Amino acid sequence: VVARKGEIRAPLSGKIESLKVKKGDYVKEGDVVALMISMKMVVEIKSDVEGVVEEIYVEPGKAVKAGELIMRIKPKK
């Protein structure tokens with residue numbers, strides 16, 4: 001899966017533990033946007049762009065597969 005800038009995808013299979021942002025939030029590149037549990041480890045999912053959270057496709061407790069789209073961030077122009 002080729003991820004476009006601003007498409008935040010699950011780095012591996014696991015369960016979404018918590019979301020650190022909501023729709024409309026402004027994030028910087030490198031900000032932690034979600035936490036997931038995989039193989040009993042907490043994995044930080046970080047933004048790859050600076051911009052505004054456009055859409056969130058998961059909620060805490062949801063199981064995700066590696067590469068699954070978690071959220072979309074509209075990059076700052």
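The shown structure was predicted, so the numbers you read here are calculated from the model rather than taken from an experiment.
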Find the distance between [atom1] ([X]) and [atom2] ([Y]) and round it off to the nearest 0.5 Å.
| X | Y | atom1 | atom2 | answer |
| --- | --- | --- | --- | --- |
| Glu50 | Glu29 | CD | CD | 8.0 Å |
| Ile37 | Lys15 | CD1 | NZ | 7.5 Å |
| Met36 | Ser13 | CE | OG | 7.0 Å |

Is it the case that one hydrophobic cluster holds both Ile16 and Leu12, taking links as side-chain heavy atoms less than 4.5 Å apart, direct or via other members?
->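 Hydrophobic grouping puts Ile16 with Leu12.
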Between Val33 and Leu35, is there a shared hydrophobic cluster once you connect ILVMFWY residues whose side-chain heavy atoms come closer than 4.5 Å?
->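 No, it is not one cluster - the side chains of Val33 and Leu35 are not joined through contacts under 4.5 Å.
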Please name the pair of heavy atoms, one in Val43 and one in Pro11, separated by the smallest distance, quoted to 0.1 Å.
-> CG1-CG, 4.0 Å
Any idea which heavy atoms bring Ile8 and Ser47 closest together, and the distance?
-> CD1-CA, 3.9 Å
Less than 3.5 Å apart, which donor and acceptor atoms pair up between the side chains of residues 58-74 and the rest of the protein, not counting sequence neighbours?
| residue | atom | partner | partner atom | Å |
| --- | --- | --- | --- | --- |
| Lys62 | NZ | Glu68 | OE2 | 2.8 |
| Glu68 | OE1 | Lys65 | N | 3.1 |
| Arg72 | NH1 | Tyr57 | OH | 2.6 |
| Arg72 | NH2 | Glu7 | OE2 | 3.1 |

Heavy-atom check, side chain of Lys22 versus side chain of Val53, under 4.5 Å =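 They are not in side-chain contact.
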May I have all residue pairs that pass salt bridge (Lys or Arg N to Asp or Glu O under 4.0 Å) and include part of residues 30-44, sequence neighbours excluded?
-> Glu44-Lys46
